[in-house]
K.L.:
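Can you read through this structure? Questions will come right after.
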Amino acid sequence: MPEVTASACPIDMESLVSLCKRRGFIFPSSEIYGGLNGFFDYGPLGVELKNNIKNAWWRDMVHRRDDIVGLDASVIMHPKVWEASGHLEGFSDPMVDCRESKMRYRADQLFFAPVIVAGETIGYVSVLEDGGMEERAAERAHDLKRKLGKQGEMEPLHLREYTEARPEEYALIPSPATGNPGSLTPPRDFNLMFQTYVGAVREEEAVAYLRPETAQGIFVDFKSVMDTSRVKLPFGIAQIGKAFRNEITPRNFIFRSREFEQMEMEYFIPPEEDWQVRHREWIDWCRNWLVGIGIRPELLSEYNHPTEKLAFYSRGTTDIMFAYPFGVQELWGIAARGDYDLRQHQEHAGKSMEYFDESRKSRYLPHVIEPALGVERTLLAVICSAYMQDEVDGESRNLLRFHPRVAPYKVAVFPLVKNKPALMERADAIQERLRRRWHVFFDVSGAIGRRYRRQDEIGTPFGVTVDFDTVEKDGCVTVRDRDTTRQERVSEDKLEGYLAERIGD
RNA sequence: GCGGGUAUAGUUCAGUGGUAGAACACCAGCCUUCCAAGCUGGCUACGUGAGUUCGAUUCUCACUACCCGCACCA
C-alpha cells in the first residue's frame, strides 16, 4: 500500500481557511474584538455540516445498533472525577525551557545526574530520555572529569528526572542543547484543564473544571445506565459533547482548539474476552463509517502506538490518521483501556462499579474499548475530502462533493428566470414542499449557470429548475447533478421520490 | 513559549505623511428559455491602542490575530 502523505490532500491550508470564511462555514471567534486564539464559530453552513456529521454518527452508533445506548452528561462534574481519572495530576506536563538556546523540553523526559569523583561533586550531566541515555550520560561524565583534570574513582551515575531536581540544583544542571549549566528554568506546570468556580463565591472549595473529555461522564454514570437500561454485556454507551483543553499552542485552524466537541463511545466487554478481536472490529467499523460519510479512503491510514509508549492505563491504541494539508494527523483514536477508569471511580467514590453476569453468576469490572473522535477534525477531513476543482466547458469550477448525508443543503430550487410569475409561483410551491423534508436553498437571482455554480461551491448535491415546459407542457422539472453536471427531466410528482432515493436517510 | 513573516472591501491584491483604488464576489433594477453573459446603479476596508507630527492607513512602540519553522500535544 502506498504511504499516505499530506501532499495527497487536494487543498492547501490557506485556500481551505479562506473557503471556510468566504462561504460561511467557520469564522474566528469574537472577530470584531480581534479574535481569540484557539476558539472558532460555525456559520450558517458550518453548523449544518457539523450537525449532519453528529447526527450521522448518532444514528449509526446508537439508533442502528441494538447494543449501544446514549448519554448526555454535564460539562462540569464533581472535581473528584478528575482526581480519580488522573487528569488533575496527569493532564499537566511539567516543562523546562533553556533560556540560552530557546529549546523547550518535557521535564519528565530530561534526566540528570551529579558527577561524583573521589567523593567530590565536580558537576552535573544531563541527557534526553531514550534507549542509549545511560551510555551518553557516562561519556559526558568522563568528558567532564577529563576537562576539569580530576583524578580518582567516579561513582556510578544515578540518573533522575528533572522534575525531581532540588531547587538549588537547577542552576547546576547543564542544558542538553548547549552543554552549559545555568540556562534551564525550573520545571513549570501547564495544566490543560480550564478552571472555574461553582456558585458566586470564588473560594478554593468551589473550584471545578470544564471537562477535558466526555468519556468520564460515561464511566461515572456507568452504574446508573446499567441499572435502568436493561443492557447486557457486551454493550456500549455513546456521548457527543463539548470538551475543553487549555492547549499551550492551538494550531492548524480548528484541528487543535481550546473548545471542541467529541463523539465518544465506551464499549464494555467481559474481562476475559479477547480484547484484540474487539479492538480490531471497532477500528474497521470506524474506518467504514468515515468512508461512508464521504471521507476519501486514500487519505486514511492507521498508526499503532508502540507498546512502550502507551499511556499506563492503555493496553493498545490505534489511531486512524488523515492526510490533512498540514500533515498526516490523528483523526480517530481507538483505545483499549482495560478496567482502569471504572476501577479508579470505584476506589475514589467507594461505590461498586461491578457488573453482575447472570450467565456466569459472577461479578466483575468490565473492560472497555474506546473509539474517540473529534467533531471538528472530522469536519475538516470531510471538507478536505470533498474539495475539488474541475473544468466545465473550458471554465474552471470549484466544488465541494459532499456526501448527501452531510451536505449543508440537500437541494436547491430555481425558477429558470425570475421575471415570469408563472415560473416563480411553481418553483416556490416546489421549494415549500421539499422544505418539509430537507434543507432547501431557493435562489432566483442571476443566470441559471451562475446559480448552479454557487451551489457547487457549497456542496449542494442537486439543483431543481422550473422552466416553461414545466408550466406549459409536461409538468417535468430539470434535476441537475452537482458532480457530473448532467441534467434529467423528472415529473414533478415523482420528484420527491427521485431525490429521496439519491439523498438517502 | 522562541524565531521569521503578514495584517487595506466578503475574497485576492494595488497605493499614499494631506481622508484610499482595481478585479472578482455581493445587493437592486433592466434584460435573460439550462452552466460564473450584458448594461446601469449600489454596499463594504486601512486589526487594536499609544507615540512622533499641524496632519498617520503610511513612521515608531506595544498589543491582538493569522501564516511558516522549532518546541509541545496526559
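Protein chains get the first letters and strands the later ones, always in sequence-line order, with residue 1 at the start of each.
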K.L.:
Who is the Watson-Crick or G-U wobble partner of C61(B), with both distances under 3.5 Å?
P.N.:
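Paired with C61(B), as far as the under-3.5 Å criterion goes, is G49(B).
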K.L.:
Nearest to the Phe468(A) side chain among U33(B), C73(B), C66(B), which nucleotide is it?
P.N.:
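That would be U33(B).
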K.L.:
With a 3.5 angstrom cut-off on both distances, give the Watson-Crick or G-U wobble partner of A9(B), or none if there isn't one.
P.N.:
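Here A9(B) is not engaged in any pair, so there is no nucleotide opposite it.
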K.L.:
Please tabulate, one pair per line, each protein N/O and nucleotide N/O from nucleotides 26-30 of chain B that are separated by under 3.5 Å, including the distance.
P.N.:
| from | atom 1 | to | atom 2 | distance (Å) |
| --- | --- | --- | --- | --- |
| C26(B) | OP1 | Arg454(A) | NH1 | 2.6 |
| C26(B) | OP2 | Arg450(A) | NH1 | 3.0 |
| G29(B) | OP2 | Lys418(A) | NZ | 3.4 |

K.L.:
Could you check, using the six-membered ring where one of them is a Trp, whether Phe255(A) and Tyr324(A) have ring centers closer than 6.0 angstrom?
P.N.:
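Close enough - the centres of the two rings lie under 6.0 Å apart.
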K.L.:
Between A74(B), C34(B), C68(B), spot the one nearest the side chain of Arg245(A), thanks.
P.N.:
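Nucleotide nearest to Arg245(A)'s side chain: A74(B).
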K.L.:
Testing the 3.5 Å rule here: is there a donor-acceptor pair between the side chains of Thr317(A) and Ser314(A)?
P.N.:
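Yes, because at least one side-chain N or O of Thr317(A) sits under 3.5 Å from a partner of the opposite role on Ser314(A).
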K.L.:
Would you mind telling me which of C34(B), C31(B), A36(B) lies closest to the side-chain atoms of Arg453(A)?
P.N.:
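Selected nucleotide: A36(B).
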K.L.:
Using atom CZ of Arg258(A) as one end and atom C1' of C72(B) as the other, report the distance to the nearest whole Å.
P.N.:
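For the pair Arg258(A) CZ and C72(B) C1', the rounded distance is 13 Å.
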K.L.:
Where the side chain of Leu416(A) is defined as all heavy atoms beyond and including C-beta, which of U11(B), U33(B), C73(B) is the nearest nucleotide?
P.N.:
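Per side-chain heavy atoms of Leu416(A), the pick is U33(B).
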K.L.:
Looking only at non-hydrogen atoms, find the nearest pair between Trp275(A) and Ile369(A) and report the distance.
P.N.:
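Taking Trp275(A) first and Ile369(A) second, the nearest heavy atoms are O-CD1, 3.9 Å.
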K.L.:
Of the options His345(A), Arg211(A), His348(A), which is the one that meets Val81(A) in a side-chain contact (heavy atoms from CB on, under 4.5 Å)?
P.N.:
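Among His345(A), Arg211(A), His348(A), the one meeting side-chain contact (heavy atoms from CB on, under 4.5 Å) with Val81(A) is His345(A).
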K.L.:
Going by purine N1 to pyrimidine N3 plus the second Watson-Crick contact, or the G-U wobble pair, all under 3.5 Å, which nucleotide sits opposite C70(B)?
P.N.:
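The answer is G1(B), by the H-bond criterion.
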K.L.:
So which nucleotide from C35(B), G69(B), A36(B) ends up closest to the side chain of Arg251(A)?
P.N.:
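Between C35(B), G69(B), A36(B), the one nearest the side chain of Arg251(A) would be G69(B).
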K.L.:
When you compare G4(B) with C13(B), how far apart are their C1' atoms, in angstrom units rounded to a whole number?
P.N.:
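Roughly 23 Å separates the two C1' atoms.
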K.L.:
Please give the nucleotide sitting opposite U40(B) as a Watson-Crick or G-U wobble pair, both distances under 3.5 Å, or none.
P.N.:
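Check on U40(B): paired to A28(B), both distances under 3.5 Å.
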K.L.:
If I pick the C1' atom on A23(B) and the same atom on A14(B), what distance separates them, to the nearest angstrom?
P.N.:
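Comparing C1' positions in A14(B) and A23(B) gives a spacing of 11 Å.
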K.L.:
Whole Å only: how far is the CD atom of Glu14(A) from the P atom of G5(B)?
P.N.:
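Distance, rounded to whole Å: 17 Å.
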K.L.:
Could you check how far CE of Met424(A) sits from P of U32(B), rounded to whole Å?
P.N.:
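Roughly 16 Å, once rounded to whole Å.
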K.L.:
Quick one: Arg480(A) CZ to A36(B) C1', roughly how many Å, whole number?
P.N.:
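Interatomic distance, CZ of Arg480(A) to C1' of A36(B): 11 Å.
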K.L.:
I'd like the C1' distance from C27(B) over to A9(B), given in whole Å.
P.N.:
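It works out to 14 Å between them.
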K.L.:
Remember a base hit wins even if backbone is also touched, and classify Asp469(A) as base, sugar-phosphate or nothing at under 4.0 Å, heavy atoms.
P.N.:
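Contact class for Asp469(A): none.
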K.L.:
Please say which of Thr460(A), Asn52(A), Leu499(A) ends up in a side-chain contact (heavy atoms from CB on, under 4.5 Å) with Lys410(A).
P.N.:
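Only one of Thr460(A), Asn52(A), Leu499(A) forms a side-chain contact (heavy atoms from CB on, under 4.5 Å) with Lys410(A), namely Asn52(A).
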K.L.:
Identify whether any heavy atom of Thr485(A) sits under 4.0 Å from a base atom; if not, whether one sits that close to sugar-phosphate; answer base, sugar-phosphate or nothing.
P.N.:
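Base contact.
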K.L.:
ring-ring contact (aromatic ring centres under 6.0 Å, His included), that's the test. Do Phe40(A) and Phe253(A) meet it? Break it down for me.
P.N.:
CA-CA 9 Å; Phe40(A) 294 91; Phe253(A) 199 32; 5.4 Å; yes
K.L.:
Where each residue is assigned the nucleotide of RNA chain B containing its nearest heavy atom, which of Lys21(A) and Arg377(A) is assigned the position nearer the 5′ end?
P.N.:
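It is Lys21(A) whose nearest nucleotide is closer to the 5' end.
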K.L.:
Which value, in whole Å, describes the distance between the C1' atoms of nucleotides U44(B) and C26(B)?
P.N.:
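After rounding to an integer number of Å, I get 10 Å for this pair.
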K.L.:
Asp41(A) CG to A65(B) P: how many Å, rounded?
P.N.:
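Going from Asp41(A) (CG) to A65(B) (P), I get 15 Å.
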K.L.:
Could you state the atom-to-atom distance from CZ of Phe194(A) to C1' of A74(B) in whole Å?
P.N.:
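About 16 Å, once rounded to whole Å.
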K.L.:
Identify which one of Asn398(A), Leu16(A), Val382(A) satisfies the side-chain contact (heavy atoms from CB on, under 4.5 Å) criterion when paired with Tyr387(A).
P.N.:
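Exactly one option meets the side-chain contact (heavy atoms from CB on, under 4.5 Å) with Tyr387(A), and it is Asn398(A).
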K.L.:
Any cation-pi pair here, Arg480(A) with Tyr452(A), using under 6.0 Å and within 45°?
P.N.:
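Flagged: Arg480(A) positioned over aromatic ring of Tyr452(A).
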K.L.:
With no angle test and no hydrogens, is the base of C72(B) tied to the side chain of Thr249(A) by a donor-acceptor pair under 3.5 Å?
P.N.:
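Check fails, no donor-acceptor contact within cut-off.
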K.L.:
Considering heavy-atom distances to RNA chain B, does Met13(A) or Glu457(A) have its closest nucleotide positioned more toward the 5' end?
P.N.:
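Nearest nucleotide further toward 5': that of Glu457(A).
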K.L.:
Given A74(B), C34(B), U33(B), identify the nucleotide with an atom nearest to the side chain of Val417(A).
P.N.:
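That would be U33(B).
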K.L.:
Could you check which of A74(B), G10(B), C34(B) has an atom nearest any side-chain atom of Glu213(A)?
P.N.:
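Shortest atom-to-atom distance from the side chain points to A74(B).
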K.L.:
Using both distances under 3.5 Å as the test, list the Watson-Crick or G-U wobble partner of C54(B), or none.
P.N.:
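Answer to the pairing question: G18(B), which forms a Watson-Crick or G-U pair with C54(B).
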K.L.:
Should the ring pair Phe268(A) and Phe222(A) be called parallel, tilted or perpendicular, given that the plane angle runs from 0 to 90° and is split at 30 and 60?
P.N.:
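Phe268(A) and Phe222(A): tilted rings.
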K.L.:
I need the OH-C1' distance between Tyr33(A) and A65(B), as an integer number of Å.
P.N.:
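Rounded to the whole Å, the gap is 16 Å.
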K.L.:
Which part of the nucleic acid, if any, lies within reach of Asp467(A) when heavy atoms closer than 4.0 Å are counted: base, sugar-phosphate only, or nothing?
P.N.:
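Base contact.
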K.L.:
Specify the separation, in whole Å, of atom CZ of Arg256(A) and atom P of C66(B).
P.N.:
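Between P of C66(B) and CZ of Arg256(A): 13 Å.
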